[in-house]
Amino acid sequence: MASPILLNNKVGMNGLGAGVWNIGPGADPFGGFTREPIPMLDRLPMLAECGLTYYEAHDVEITAEMAPAAARLAKKLGMKCGMYTPSFFAAPIFKDGAMTSNDPAVRQLGLENALKAVDTTAVLGAKTMVFWNGREGFDFVLAKNGRDSFKRLVEGFNQVGAYAKKNYGTKIKFAIEPKPNEPRANMYLANVGEALYLISRLEKELQPLFGLNPETAHSRIAGLDYLWEIEMCLEAGKLFHIHLNAQDGQRYDQDLPFGYTEPLKDLALLVVLQDAKFAGPIHFDVKAPRVDDPKNICDVLHVSIQNLVWLWDRALAVDRKKIEQFRKDNRLTALSGYLAKCLYGC
Ligand code: GLC
Ligand code: MN
């Protein structure tokens with residue numbers, strides 16, 4: 001069994017994580033599987049073998065019924081559940097969203113699924129439950145009343161937060177994962193700023209339970225700077241979870257290996273996480289490409305881990321005093337050159 005990969009001088013939780021869906025069978029909107037789907041529980045030892053400490057899963061991947069077996073298996077492997085997440089996007093009933101559906105019966109079902117997922121999060125021993133905004137949005141203007149949708153989100157999150165607080169105190173926290181589009185043309189909670197605003201509208205006593213899970217690709221699809229999104233979360237004390245990957249420009253969501261497209265910006269991101277003493281574990285949300293053969297399905301994780309470990313050590317070596325000096329002297333292009341030297345040169 002591979003030993004878990006740890007980051008040097010990482011404050012708080014160490015060890016890396018990834019989703020069981022990261023090593024999927026390779027379907028895309030234009031074609032079906034290119035690999036036999038691997039049973040979900042068989043994926044845990046594969047993730048452990050990559051050196052990961054944490055796994056993540058949707059409620060449709062590791063169901064409430066499977067959770068006790070998953071918890072036992074993870075313990076045997078020395079793994080933990082890093083986060084659990086209800087799937088509000090796959091089932092046809094949620095085709096127009098769950099919390100923001102126009103149909104009250106669908107909203108009620110979404111709420112019930114969310115509460116069930118809170119209980120399963122507890123069974124799996126995870127501290128974080130993620131809400132991704134998958135189908136919460138619209139394809140046509142006026143398809144929904146946007147002001148009502150926002151109120152429904154507030155109401156839904158308040159209900160979930162109240163349930164968790166009553167039953168689990170502050171043991172389970174919620175991380176909202178923004179995305180601007182795909183699968184919907186326009187998604188509510190499109191970016192970090194929108195999610196922070198939503199949290200500010202929740203019941204005061206529930207707000208501490210809610211934070212963010214920003215994903216690299218989701219910010220870059222929107223043309224936003226991921227580092228700034230992370231800095232905003234840090235400033236608000238809301239960086240509860242993190243999904244690292246890479247994205248090749250503003251196009252469909254690629255979930256490429258971390259470090260592949262913008263290594264210099266990724267280096268800067270790690271400098272910021274180190275200086276902020278980010279205490280959460282670092283998780284990847286990558287996708288084994290459709291062209292990769294079954295025997296190489298974990299390459300996407302190996303490459304992400306390798307890039308992260310290299311960049312993390314390079315980030316530790318970045319001279320913070322030099323950054324300060326460049327800022328003072330207003331030598332901002334030279335500052336970028338210094339970062340490039342740390343990346344490519346030293
Ligand atoms: C989906 C999204 C992913 C998100 C996950 C958790 O798989 O593609 O980005 O992290 O759901 O809800
Ligand atoms: Mn993600």
Side-chain angles (χ1 to χ4, degrees), residues 16-29 37 40 43 47 52 54-63 81-91 94 97-99 110 113-114 116-118 120-121 124 126-137 153 156-157 160 172-184 187-192 195 210-222 224 226 229-230 233 239-247 251-258 269 280-290 300-301 304 308:
L16 310 176
V20 290
W21 67 90
N22 288 193
I23 44 176
D28 70 15
M40 290 300 163
R43 299 184 193 191
L47 297 180
L52 298 178
Y54 300 95
Y55 71 93
E56 305 181 346
H58 294 90
D59 58 0
V60 289
E61 292 159 346
I62 295 183
T63 61
C81 183
M83 72 85 149
Y84 192 65
T85 176
S87 161
F88 282 169
F89 50 92
F94 297 130
M99 280 192 195
N113 286 4
K116 191 172 173 195
V118 172
T120 311
T121 303
L124 292 171
K127 295 186 170 71
T128 308
M129 188 165 118
V130 161
F131 278 102
W132 176 56
N133 55 346
R135 302 266 174 205
E136 310 296 357
L153 286 169
F157 285 120
V160 177
I172 295 175
K173 297 218 169 135
F174 302 97
I176 297 169
E177 181 173 340
K179 189 175 178 185
N181 58 269
E182 202 201 17
R184 306 313 298 271
M187 275 143 79
Y188 300 131
L189 307 177
N191 53 52
V192 162
F210 287 84
L212 271 288
N213 175 33
E215 176 177 315
T216 323
H218 295 178
S219 301
R220 290 182 182 162
I221 288 170
L224 296 173
Y226 183 60
E229 296 238 275
I230 289 289
C233 290
L239 189 61
F240 283 12
H241 201 80
I242 193 161
H243 265 178
L244 297 186
N245 56 20
Q247 172 70 21
R251 59 176 81 188
Y252 63 92
D253 192 4
Q254 293 175 294
D255 295 334
L256 293 165
F258 176 69
L269 165 74
I282 295 194
H283 286 240
F284 301 111
D285 188 356
V286 290
K287 186 174 181 185
R290 197 163 189 269
V300 73
L301 289 167
S304 297
L308 173 68

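Counting convention: from 1, in listed order, for ligands and their atoms alike. Keep in mind that this is a model prediction, so the values were computed, not measured.
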Contact flag His218/the Mn ion (ligand 2), N/O/S atoms, threshold under 2.8 Å: no
Contact flag Glu215/the Mn ion (ligand 2), N/O/S atoms, threshold under 2.8 Å: yes
With the Mn ion (ligand 2) as the point of reference, which N/O/S atom of [X] is the closest?
X	answer
His243	ND1
Glu177	OE2
Asp285	OD2

Donor-acceptor contact below 3.5 Å, side chain Glu136 vs main chain Met187: no
Glu229 side chain to Leu224 backbone, donor-acceptor under 3.5 Å: no
Among all protein heavy atoms, pick the one closest to [atom] and tell me residue, atom and distance.
atom	answer
atom 12 (O) of ligand 1	Thr85 OG1, 3.0 Å
atom 11 (O) of ligand 1	His58 NE2, 2.8 Å
atom 10 (O) of ligand 1	Glu177 OE1, 2.6 Å

Parallel, tilted or perpendicular, as decided by the 30° and 60° cut-offs, for the rings of His243 and His283: tilted
State the atoms of ligand 1, each with its element, that fall below the 4.0 Å cut-off from a heavy-atom position in [X].
X	result
His218	9 (O)
Glu215	9 (O)
His243	10 (O)
Asp285	3 (C), 4 (C), 9 (O), 10 (O)

Spacing of [atom1] belonging to [X] relative to [atom2] belonging to [Y], to within rounding of 0.5 Å:
X	Y	atom1	atom2	result
Phe240	Leu212	CZ	CG	8.5 Å
Gln247	Tyr252	CD	OH	8.0 Å
Asn133	Lys179	CG	NZ	8.5 Å
Glu56	Leu47	CD	CG	10.0 Å

Residues Tyr54, His241; criterion ring-ring contact (aromatic ring centres under 6.0 Å, His included); working and verdict: CA-CA 12 Å; Tyr54 300 95; His241 201 80; 8.8 Å; no
Any donor-acceptor N or O pair under 3.5 Å, side chains Asp285, Trp21: yes
Which segment of Trp21 sits under 4.0 Å of ligand 1 when only heavy atoms are counted: side chain
